K.L.:
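Below is one structure. I have some questions about it.
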Amino acid sequence: MKNCLRTLALVAACMGLLMSSADAAQYKNEYKLSVVPGALSGWGLAGTYFADRVREESEGRINIKVYHGAQLMAGKQTSEMLLVRNGAIDFALASTINWSPQLKELNLTALPFFVSNQPDRYAAMDAIEAGKSGKMLIDVIEKAKVKFVGWAENGFRELTTSKGPINHPADMKGLKIRVCGTPIFADIFTALGANPQAINWSEAVTGFQQGIVDGQENPTNGINVALKMWDYHQYDTEWHYMIDPLFLTSNIKVWKNFSKEDQALLEKCAKETELYSKALSRVGLDDGKALEYLKSIGKAPEITDAYAELEKHGVNVNRFTAEQVKEFYDATASVREKWTKNVGPELVKAAEEDMAAVANK
Ligand code: X2X
């Protein structure tokens, strides 16, 4: 009996060993992480940072390769969510803007002038992510059978144009503006009297070179300065009209296949990526905290004052006053009304409450 028990224990131990090595063997040699813009954009740098931190922390056991430039979806950025869900992509550092065609709630922070009309737009964004509305957004992503791992940031989207300056909604009349293929953008620019052109980012930059549009909108630090938009557009309108938060996601099967310890490791690296990415998006545009943070991790970028950099390159930088933001807020009321119905009035209300809670601090 004793021998029999010993044998059983041995068999069980061997099975355990076999299982754990089988588990480990199930890890892929390479995990694919999708990022829409190029490696030198703030978003691209954040993707690389995550992959690097995971490689370091796991001592090379988890190898994530970043595919910049929307390579994994042949440029069609609005298909990214479907490809993460079906497993063609393992991870994506994604923008709400590119996933909102499938998940309409993610249009929340694209409601025009909704976040920028707050006294402190960065505090308002953080309050949404940390609050009830952020939780509701995470639930939407996870109900779509994609694992949410953490937040990051592309940034508030600002307008760059070859014609200008733009001070009032009337100045937008007839301007051909490149937008991504997400419906709310067409509505916003149409409401402002402009002529929106849906073009994938992968083709947009050559389009700017050829002058096929009069302008485009993207975040100042992460895209407009990083990609030297001054080569095409001499007017920068800092109107902060909407923000695309980024979120790190994983295919659900890929996620479940990681051990609990490795899931915690990935979450820790995602949290660091959030801090890094937000600091890159906000440096020089906030109260100084972003630069302080970047210095503390030894990653202060070369350009820390985007407005000065733009001006150095001959760009006319037009920083909207709160009154100008309000004028555009009023001019886009019909878009917010229509899209509040699409996003869900409950979610919009929760976000308003989250933002109000920090507005007077
Ligand atoms: O297409 C864009 O403008 C970009 C790069 O910002 C996004 O993917 C949302």
Side-chain angles (χ1 to χ4, degrees), residues 33-48 66-84 89 91-104 106-112 115 125 137 141 151-161 176-186 188-189 194 196-209 212-229 232-233 236-249 277-278 280-282 306:
L33 167 66
S34 170
V35 169
V36 171
L40 298 179
S41 62
W43 183 346
L45 292 171
T48 304
V66 188
Y67 289 81
H68 295 105
Q71 286 172 66
L72 298 175
M73 48 269 180
K76 193 156 184 331
Q77 58 201 76
T78 47
S79 326
E80 192 179 49
M81 181 255 163
L82 300 172
L83 295 175
V84 174
I89 295 176
F91 290 95
L93 182 59
S95 162
T96 46
I97 294 174
N98 293 324
W99 287 34
S100 53
Q102 290 87 19
L103 308 176
K104 58 190 187 331
L106 297 185
N107 285 296
L108 175 72
T109 57
L111 291 174
V115 184
M125 185 66 248
L137 291 174
I141 295 164
W151 293 109
E153 189 162 290
N154 188 23
F156 282 90
R157 299 179 75 93
E158 316 294 357
L159 187 64
T160 69
T161 46
K176 254 194 194 174
I177 306 292
R178 176 268 164 182
V179 292
C180 69
T182 297
I184 192 170
F185 287 87
I188 297 170
F189 285 89
Q197 306 282 316
I199 306 174
N200 279 324
W201 183 247
S202 53
E203 289 152 28
V205 181
T206 16
F208 305 147
Q209 278 160 7
I212 59 167
V213 286
D214 303 315
Q216 62 93 39
E217 42 73 57
N218 252 299
T220 297
N221 278 328
I223 306 268
N224 296 344
V225 169
L227 271 72
K228 302 186 168 53
M229 215 56 86
Y232 325 113
H233 304 146
D236 172 45
T237 306
E238 293 280 319
W239 61 352
H240 326 307
Y241 84 119
M242 55 157 293
I243 176 164
D244 37 333
L246 304 177
F247 44 93
L248 187 72
T249 53
S277 159
K278 282 187 171 171
L280 280 185
S281 146
R282 299 175 186 192

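In this text, all values refer to a predicted model and were calculated from it rather than measured experimentally. Atoms within each ligand, like the ligands themselves, are counted from 1 in listed order.
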K.L.:
For side chain to side chain contact (heavy atoms under 4.5 Å, CB included), just list the numbers for W239 and E158, CA-CA rounded to whole Å, side-chain angles, deciding distance to a tenth of an Å, and then say yes or no.
P.N.:
CA-CA 6 Å; W239 61 352; E158 316 294 357; 3.5 Å; yes
K.L.:
Counting only heavy atoms, tell me which of Q216, R178, E217, E80 gets closest to atom 3 (O) of ligand 1.
P.N.:
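Nearest option to atom 3 (O) of ligand 1, by heavy atoms: R178.
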K.L.:
Under a 4.0 angstrom heavy-atom cut-off, which atoms of ligand 1 come close to V36?
P.N.:
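So the answer, numbered in order with elements, is 8 (O).
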K.L.:
Parallel, tilted or perpendicular: which describes the rings of F156 and H240, with under 30° parallel and over 60° perpendicular?
P.N.:
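If you compare the ring of F156 with that of H240, the planes turn out perpendicular.
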K.L.:
Quick check for you: to the nearest 0.5 Å, what is the distance between K104 atom NZ and L108 atom CG?
P.N.:
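Going from NZ on K104 over to CG on L108, the span is 12.5 Å.
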K.L.:
For ligand 1, which atoms have a heavy atom of N154 less than 4.0 angstrom away?
P.N.:
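Listed by number with element: 6 (O).
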K.L.:
Looking only at distances, please establish whether an N/O atom of ligand 1 is found under 3.5 Å from an N/O atom of N218.
P.N.:
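Yes; at least one N/O pair falls below 3.5 Å.
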K.L.:
In terms of atom number and element, which parts of ligand 1 are under 4.0 angstrom from non-hydrogen atoms of R157?
P.N.:
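That gives atoms 2 (C), 3 (O), 6 (O), 9 (C) of ligand 1.
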K.L.:
What pair of heavy atoms forms the shortest contact from L106 to W99, and how long is it?
P.N.:
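For L106 and W99, the tightest heavy-atom pair comes out as CD1-CB, 3.7 Å.
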K.L.:
H233 and side-chain hydrogen bond (donor to acceptor under 3.5 Å, both in side chains): which single residue from N224, T160, T161 fits?
P.N.:
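Exactly one candidate clears the test, T160.
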K.L.:
Rounded to the nearest 0.5 Å, what separation is found between the SG atom of C180 and the CD atom of Q216?
P.N.:
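Between C180 SG and Q216 CD, I get 11.0 Å after rounding to 0.5 Å.
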K.L.:
When you measure from the side chain of D244 to the backbone N and O of T96, does any donor-acceptor pair fall under 3.5 Å?
P.N.:
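No: the side chain of D244 does not pair with the backbone of T96.
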K.L.:
Is Q77 close to ligand 1, meaning an N/O of one under 3.5 Å from an N/O of the other?
P.N.:
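Yes.
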K.L.:
How far is atom 7 (C) of ligand 1 from its nearest protein heavy atom, and which residue and atom name does that atom have?
P.N.:
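I find the closest protein heavy atom is W43 CZ3, 3.5 Å.
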K.L.:
What is the nearest protein non-hydrogen atom to atom 8 (O) of ligand 1, stated with its residue, atom name and distance?
P.N.:
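Atom 8 (O) of ligand 1 sits closest to the protein heavy atom N98 ND2, 2.9 Å.
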K.L.:
Side chain or backbone, does D244 bring an N or O within less than 3.5 Å of an N or O on ligand 1?
P.N.:
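N/O-N/O distance under 3.5 Å: no.
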